[in-house]
Amino acid sequence: MAVIRFQAVHDANNRELIQPNLPRQKASEFFGVNVFSKEKMQKYLSEEAFEGVMECIDKGLKVDRRLADKVAVGMKVWALEQGATHFSHWFHPLTDGTAEKHDAFIDFNENGMVFEKFSGEHLAQQEPDASSFPSGGIRNTFEARGYTAWDPSSPAFIVGNTLSIPTIFVSYTGEALDHKTPLLKALYQIDKSATAVCEYFDKNVTKVFSTVGLEQEYFLVDEALYFARPDLVMTERTLVGHASEKDQQLDDHYFSSIPERVQSFMREFEYEALKLGIPIHTRHNEVAPNQYEVAPLFEECNLAIDHNVLLMDIMKKIARRHHFVVLFHEKPFKGINGSGKHNNWSLMTNTGVNLLSPGNKPKTNMQFLSFLVCTLKAVYTHQDLLRASIVSAGNALRLGGNEAPPLIMSVFVGSKISEMLDELEVRVTSKKMTPDEKTELKLDVGKIPGILLDNTDRNRTSPFAFTGNRFEFRAVGATANCAAPMIVLNTAVAQQLIQFKKDVDTLIDQGVKKDEAIFQIIREYIIDSKNVRFDGNSYSDAWHKEAKKRGLTNVSNVVEALDGYLAAKSKRLFKAMKVFNEKELEARTEVRWDNYAKKIQIESRVIADIAIGQIVPMAIKYQTELIGNVQGIKELFSEAEFKTMASARLDLIKRISVHVTTIKAQVHEMVETRKVLNQENDIRTKAFGYGEKIVPFIEEIRYHIDKLEEIADNELWPLPKYRELLFCR
Ligand code: ADP
Ligand code: MG
C-alpha cells in the first residue's frame, strides 16, 4: 500500500504543471471585464435607466419592474456579447456556500421560433422553492415559496457562460432566508447613524460606507491524496492522523518562497478573480506547511463579502486544474495552525475620509476619537453577540488553542492609543473646561497622527485589534460568510453612534459647547468601555483570570455561545435597528445549532467508518502477521531464546488488541449515543448533546487510531499520512 501511496504522490508531482496561458497584459487592462460595472451600465443603458439604477444604489431603494425592464435590455446585450447563454440569480442562503439556478436565455416567440429573452421580470425577481434551504422553522410555519430580488449595489457578473445577478433571498412572507438581506439593513443603519455623527465635524458628509478587507487563509492538498482520505472528502478535515515528525516547528513556512505548482495555481485564480473585479492584492505562505493566504484590497462591505464568497468558489474550481484541492476548513490538521479570515473593518465617508484614521487636525481627531470609542463601547456591550456571530463546529477547533484568539472578546488598541485614552479620561473632568485645559487637550488630540505612525505594535493574540486605521476582527473562521460578523458589528456600532449623538445633543441642549460636549461623552465612553481594552497576551492563563474579574464573558461551548443571539439585549438591538425581527433571529440561531449538530454527526459517522472499515481490519492483518512470526520463532528456537526474541512482538500484539478492542467498543457506544440523541426534537438540546457527548467519542477513537498509526507497518496503513498531505506540493 505504501508503494501505491508514494506512487500517488509521485504521479501528482510528475503531472505536467499547468502553466496557465495568461495574457501578457497589465491587470488594469482586464480588471473587471466580466462585470456589468457602472461604466458598462452607462454605456449599455439608456440615460433614464442608468440614472434610475444609480439612484437606487445611492438611496438603497428597490428596483421596480418598470426600471428593471429597461435595465434588462442593456444587460442582455452586454451578456450576449460576452457569450453568455444563461442567467442566474446568485444568492447566499444560510449554508456555507452560494446558490444559483441557471436558466437559458432562450424562449419561443409568437411564431414558434427560438430567440434570446431576458426581461425585467427575469432580472428583478424570481421565486425559487425555499423548502430545500435551511430556514430554521420559518418554512414550517409559512409557505415554502421564497423569492430572490436583485441587489443593484452589487454588480452582475459573468462566470463561465452564465450571467450572475446578485440577489437577496427572502421567504414569501418577507423573512430573510439569507445573509445579504440583513447585511444590507445593517449597512443602511451604519450609514445613517455615522453620517449623523459626522455632521458635528463636516457638513459635506452625506454618506458613510462600511469598508471591509478580508484576508483569506486556506490549505492546499494534492488531489490524489485528498481522494484517498474519506475524512477530507466528507468533512474537509482530517479526523485521524498522527502528527508529522516535522510540521511547523522550524517556523520555516511563513512568507517563504511559494512552490512553483502553488504559484501557478495562484496566478490562474487571481487572473479569473481580477476579471470579475475582485482586487486581489496579497499572496503568501502561511505558518503551517501547505497553508497560504490571499487578500484583496478593501471594498465596500457588501461587495467585499460577495467577492469573498465568489473568490472561494473560483479557488475551488481552479485548484482542480492544478490537481490540488483547497481546504477552507478552520482546522484541517490537528496540532498545527488552522485557518481564519481576518475581517479588516472601517468606516469611510463619501468625501473619502477614513473615520478610523486620525488626521492632522484636532477637529478630525475628535471625529476619529468619537468613532473609536463608539466602536469600543459597542464591542463591549455586544461581546456575546460578536462571539455568537463567529462560532461554528470548525472554528471551535481553532479558537483558544494558542494559535488563534480565545473566546473572550477584548479589544487591542496599542500602547499609544491606550495612553491617549487614559489621559483623556483624567483630563476632561469638569463640564466647563478652562481655556488652558482646552488648549492643552487640543494639542494632545492634535498629536495623534504622529503617535500612530510610530505605533507599530501588533498583537496577534487579540480577537479584535486596532491596526492604525481600521479594526481587525481576527476571530472569524476561514469558511465563514462574513456577513454574520459584519451584520453584528455594523448594527452594534450603528446603535452606539445613535446613542452618542443623543448624549452629545443632550449636553448641547443644556448649554455645553459642542466640542466640550463631544469630549465629555468621549470620556464617558472611555470609562464605560475600559474593561474591554486589553493589550497583553490573550493566549495567557493570566488573561483568562483577569477577564473573569473584569466581567468579560468567555463561552467556549458553541451551542451556548449561539445563545448570544437570543439574549434580551441582542433582540432589542436588532429590533430597534430593524435588522432582524425576533422570528428571524430565532430561525437563524436554530439553523446554526442544527448545522453544528449535523457537522458533528457527519464527522462521527465518517470516523466510525474509517475505524471499522479501514483501521481495524488493517490492525488485525498486521497483528496476524506478527502472530505468525511469533509462532515461527517458537518452533525454531528454545524456550529461553524465544522469550528474549519475541517479547517486544508479544507486547505489540497485546497493544494492538487493546487499541482495536477500545476502538470497537467506543464506536459501538458512540452509535448508540447518537441513536438516543437523534430522538431529540429540540434542536438546541440535540446540538448540545452532540457537542458534549459525541465529540469526546470522536477524540477518543482518534487517539487510539493515531496510536495504531505509530506502531503499525507503514506499508499496511490505509490512509495518506500527515507528512504526505502537508508536504506534497
Ligand atoms: P496583515 O498585515 O494584517 O496580514 P494584509 O495586507 O494581509 O494585512 O491585509 C490587510 C487588509 O486590510 C487588506 O485587505 C486591506 O485592503 C485592508 N484594509 C486596509 N485599510 C482598510 C480600511 N480602511 N478598511 C477596511 N479594510 C482595510
Ligand atoms: Mg495578511
Side-chain angles (χ1 to χ4, degrees), residues 27 31 183 186-187 190-191 194 198 205 207-218 253-256 258 266 270 273-274 277-288 291-312 315 337-359 364 367-368 371-372 374-375 379 403-405 411-414 417 448-449 452-453 455-476 478 480 482-483 485-486 489-490 493:
F31 183 75
L183 179 68
L187 294 174
I190 196 86
D191 169 18
C198 284
V205 174
K207 198 169 174 72
V208 173
F209 304 92
S210 167
T211 53
V212 171
L214 301 169
E215 302 167 58
Q216 177 74 54
E217 294 179 339
Y218 61 96
H253 196 248
Y254 191 62
F255 281 9
S256 67
I258 303 172
M266 289 176 170
E270 287 170 359
L274 287 164
I278 307 173
I280 304 288
H281 188 253
T282 301
R283 54 158 103 121
H284 61 80
N285 284 11
E286 259 302 330
V287 170
Q291 191 190 25
Y292 306 91
E293 177 180 305
V294 53
L297 296 172
F298 72 87
E299 299 176 279
E300 182 280 319
C301 180
N302 177 37
L303 196 58
I305 290 172
D306 275 2
H307 279 169
N308 174 251
V309 179
L310 188 55
L311 178 65
M312 288 165 81
M315 286 169 72
N337 274 27
S339 302
K341 180 148 56 195
H342 298 178
N343 285 211
N344 293 271
W345 170 89
S346 190
L347 296 169
M348 167 105 59
T349 65
N350 61 309
T351 55
V353 173
N354 177 354
L355 293 169
L356 288 171
S357 177
T364 45
Q367 177 172 288
F368 159 72
F371 283 92
L372 184 85
C374 280
T375 309
V379 172
E403 53 152 310
V411 185
F412 166 88
V413 291
I417 294 272
I448 308 178
L452 266 197
L453 286 181
N455 180 17
T456 46
D457 52 344
R458 282 269 206 151
N459 185 330
R460 293 251 161 228
T461 69
S462 176
F464 204 92
F466 184 67
T467 51
N469 62 357
R470 60 186 186 268
F471 279 100
E472 191 174 342
F473 192 11
R474 308 178 62 255
V476 186
C482 296
M486 289 301 106
L489 183 61
N490 285 297
V493 174

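Heavy-atom basis, side chains included; hydrogens, waters and symmetry copies ignored. Both counts, for ligands and for their atoms, begin at 1 and track the order of listing.
- For ligand 1, the atoms sitting less than 4.0 Å from at least one non-hydrogen atom of P296 are 13 (C), 14 (O), 16 (O), numbered in the order shown with element in parentheses.
- At least one N/O-N/O distance between F298 and ligand 1 falls below 3.5 Å.
- Counting heavy atoms only, R470 comes closest to atom 10 (C) of ligand 1 of the residues R470, H284, E299, H342.
- Residue T211 has at least one N or O atom closer than 3.5 Å to an N or O atom of ligand 1.
- Residues that satisfy the side chain to side chain contact (heavy atoms under 4.5 Å, CB included) test with Q291, not counting sequence neighbours, are E217, F219, E286, V287, A288, N337, S339.
- For ligand 1, the polar-atom distance check against R460 finds no nitrogen or oxygen pair separated by under 3.5 Å.
- Of all atoms in ligand 1, numbered sequentially from 1 with element shown, those under 4.0 Å from a heavy atom of L297 are 16 (O).
- Interface atoms of ligand 1 facing E293, defined by a heavy-atom separation under 4.0 Å, are 7 (O).
- Screening F471, F371, F209 for a side-chain contact (heavy atoms from CB on, under 4.5 Å) with L347, the sole residue that qualifies is F371.
- If you number the atoms of ligand 1 from 1 as listed, the ones under 4.0 Å from a heavy atom of S346 come out as 22 (C), 23 (N), 24 (N).
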N344 vs V212, side chain to side chain contact (heavy atoms under 4.5 Å, CB included): CA-CA, chis, key distance, verdict: CA-CA 5 Å; N344 293 271; V212 171; over 6 Å; no
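- Each of the atoms 10 (C), 11 (C), 12 (O), 17 (C), 25 (C), 26 (N) of ligand 1 lies under 4.0 Å from some heavy atom of N344.
- One N or O on the side chain of N350 and one on the backbone of K207 form a donor-acceptor pair closer than 3.5 Å.
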